[in-house]
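In what follows, chains are A, B, ... by sequence order, proteins preceding strands, each numbered from 1.
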Protein chains: 2
Amino acid sequence: MKDHVHCHHCGLENDYCISLVPIFNHLEKPQMDEVMTLIHSKSYKKGEDIYQSGHTSDALYIVRKGRVKIYRLSESGKEQILRILNPGDFTGELALFNESVHDAYASALSDTDICMIKRNDLQNLLLKYPNISMRILSEFSNRLAQSETQTTRFATERVEMRIALFLVESLDTKSESHVVDLPMSKKDLASFLGTTPETISRKLFEFEDAGLIKQITNKKIEIMDVDGLLLI
Amino acid sequence: MKDHVHCHHCGLENDYCISLVPIFNHLEKPQMDEVMTLIHSKSYKKGEDIYQSGHTSDALYIVRKGRVKIYRLSESGKEQILRILNPGDFTGELALFNESVHDAYASALSDTDICMIKRNDLQNLLLKYPNISMRILSEFSNRLAQSETQTTRFATERVEMRIALFLVESLDTKSESHVVDLPMSKKDLASFLGTTPETISRKLFEFEDAGLIKQITNKKIEIMDVDGLLLI
DNA sequence: CTCAAATCTTGATGTACATCAAGGTTTTTT
DNA sequence: AAAAAACCTTGATGTACATCAAGATTTGAG
């Protein structure tokens, strides 16, 4: 009945939520087992909230399956998407180390499984295994760099360029294909890029007219000319 | 001759650079002494660069005295100020935990003293004293929250509101006075807020006409009506 | 499969803010 | 103290993008 709450019961025997996650996957088996005893897991349906701004928080949330959007409401009430979490990403850290109130909203974009670890449990882990701290520090510093890049872009680039950069950076570097799978609706993409759906729509057609991209379906875009896109 | 490089020789005997700094000031005396042996200190004249984007990095920089601006150049070459460091603040962390190349510039806004600790030395410290990690994690999560707030503002607020918010948040909450001391030139402020000096100038005079503020000198602004300013 | 709701597109219009330019002021240098 | 350099102000002009509106398409629920 409470199956879905305790991770060590929530799936296949060997389905370690945390083995996917960069901040834990470097651990030896015995340590991994120890961490596992601290993990709680929970599932969310598409559209459900994982947490809300203003709510108190005492856990780190790790995405095991699905996709999660993190967004804020601006002073004037507009929704602004900060980032999209994919499996392996985590959130909730702000509340973990500082005040215990979320400053953003998290909601499931698809059916999602989350692994949670409680504030105190995590802090004990960090003191016991400094390596985990190092991983989280590394992750934080990545996020910080990314966030500052985003800030710089909002402050200095035109919408057109922000869209172009988003497309290029969405390219899977491993795969040969130059097809981008948009991870969200254009409405959400607009919010993420600080613009409107109308503008996204128009700019994409401009890119297409210029032969830079090809819109295959609503969520699939083939990039024909990466370099050209960046010269916009 | 090398006096300025080794902190334990660089000033008063008891002038522990690190005793000011939140990430170290919780340490006991013996640990503090240990950290001190790892610290290198250096002075910079106003306008001098502390590091440049693209340069390799292997140190954490802590501001002991003075003021430092951290800025980036956008894809299109525009300068964008990310933050201003005051005594006690640190930087260089991005390069510390990930790739070893700076993605931003740091330059001294006034004559500045910096304490440095080398990458390897810091990492050993972190493994030895997990408390320090916790402090840095807390500091990081603060910075992240701040950076995301900034992103949201750029994406959703008009320039007018960004300026108003900047003014209000610059108010020293402790002091009774409602006078804000701008920490930088209006040119730099414009870059920080993602606008132009012209617009800053105009908006400030609009605020003044509306009786919301009073420009005392070029760098001193008295806020007459905090609430009014936020309703812009 | 059907219908309703949500999302996307396209055009017409408006506006916040950048840009350009040129004179005035402050700060820095010597 | 004088000269140079950087900064700030103010006006005139331009434009990138938001907003509003209404039809077209996609998505999802029953």
Would you mind checking if [Y] and [X] are paired as a salt bridge, meaning a charged N to carboxylate O distance below 4.0 Å?
| X | Y | value |
| --- | --- | --- |
| D181(A) | K219(A) | no |
| E208(B) | R202(B) | no |
| E157(A) | R162(A) | no |

For a quick check of understanding: with a heavy-atom distance under 4.0 Å over all strands, which category does [X] fall into, base, sugar-phosphate or nothing?
| X | value |
| --- | --- |
| K46(B) | sugar-phosphate |
| G47(B) | nothing |
| K78(B) | sugar-phosphate |

Rounded to whole angstrom units, what separation is found between the [atom1] atom of [X] and the [atom2] atom of [N]?
| X | N | atom1 | atom2 | result |
| --- | --- | --- | --- | --- |
| K219(B) | dT25(C) | NZ | P | 19 Å |
| K186(B) | dT26(C) | NZ | C1' | 11 Å |
| D188(A) | dA6(C) | CG | P | 14 Å |
| L109(B) | dT28(C) | CG | P | 12 Å |
| I221(A) | dC8(C) | CD1 | P | 11 Å |
| L193(B) | dA16(C) | CG | P | 19 Å |
| L182(B) | dC8(D) | CG | P | 10 Å |
| F205(B) | dC17(C) | CZ | P | 18 Å |

Check every atom of [options] against the side chain of [X] and return the nucleotide holding the closest atom.
| X | options | answer |
| --- | --- | --- |
| S185(B) | dC8(D), dT9(C), dC8(C) | dC8(D) |
| K187(B) | dT9(D), dC7(D), dA18(C) | dC7(D) |
| N218(A) | dC8(C), dT26(C), dC7(D) | dC8(C) |
| Q215(A) | dT9(D), dC17(C), dT9(C) | dT9(C) |
| K203(A) | dT9(D), dC8(C), dC17(D) | dC17(D) |
| T195(A) | dC8(D), dC17(C), dC17(D) | dC17(D) |
| R202(B) | dG11(D), dT7(C), dT9(C) | dG11(D) |
| P197(B) | dT9(D), dT9(C), dA18(C) | dT9(D) |
| E198(B) | dA18(C), dA21(C), dC7(D) | dA21(C) |

Taking the nucleotide of DNA chain C with the nearest heavy atom to each, does L204(A) or R162(B) sit closer to the 5' end? L204(A)

Taking OP1 and OP2 of dC17(D), is either one under 4.0 Å from a side-chain nitrogen or oxygen of T199(A)? no

Looking at S201(B), I'd like to know whether one of its side-chain N or O atoms comes within less than 4.0 Å of OP1 or OP2 on dC8(D).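 Indeed not, no polar side-chain atom of S201(B) lies that close.
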
Are Y51(A) and Y61(A) an aromatic pair by the rule of ring centers under 6.0 Å? yes

Stepwise, does the side chain to side chain contact (heavy atoms under 4.5 Å, CB included) test hold for F192(B) with F166(B)? CA-CA 10 Å; F192(B) 183 66; F166(B) 177 84; 3.9 Å; yes

Just do the side chain to side chain contact (heavy atoms under 4.5 Å, CB included) check on L144(B) and E93(A) with the steps written out, would you? CA-CA 10 Å; L144(B) 206 42; E93(A) 65 292 338; 4.2 Å; yes

Passing candidate, side-chain contact (heavy atoms from CB on, under 4.5 Å) with Y105(B), options I81(B), L73(B), I70(B), I50(B):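 When side-chain contact (heavy atoms from CB on, under 4.5 Å) is applied between Y105(B) and each of I81(B), L73(B), I70(B), I50(B), only L73(B) qualifies.
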
T152(B) vs L82(A) side-chain heavy atoms within contact, under 4.5 Å: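 A side-chain contact under 4.5 Å exists here.
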
After noting the C-alpha distance and the side-chain angles of R72(A) and D103(A), does the key distance pass the salt bridge (Lys or Arg N to Asp or Glu O under 4.0 Å) rule? CA-CA 7 Å; R72(A) 290 189 173 203; D103(A) 51 5; 3.0 Å; yes

Once pairs are restricted to Watson-Crick or G-U wobble with both distances under 3.5 Å, how does DNA chain C read as a dot-bracket string, [ ] for crossings and | for other-strand pairs? |||||||.||||||||||||||.|||||||

Check this for me: does the side-chain of E160(B) come within 3.5 Å of the base of dC17(C) through a donor and an acceptor? no

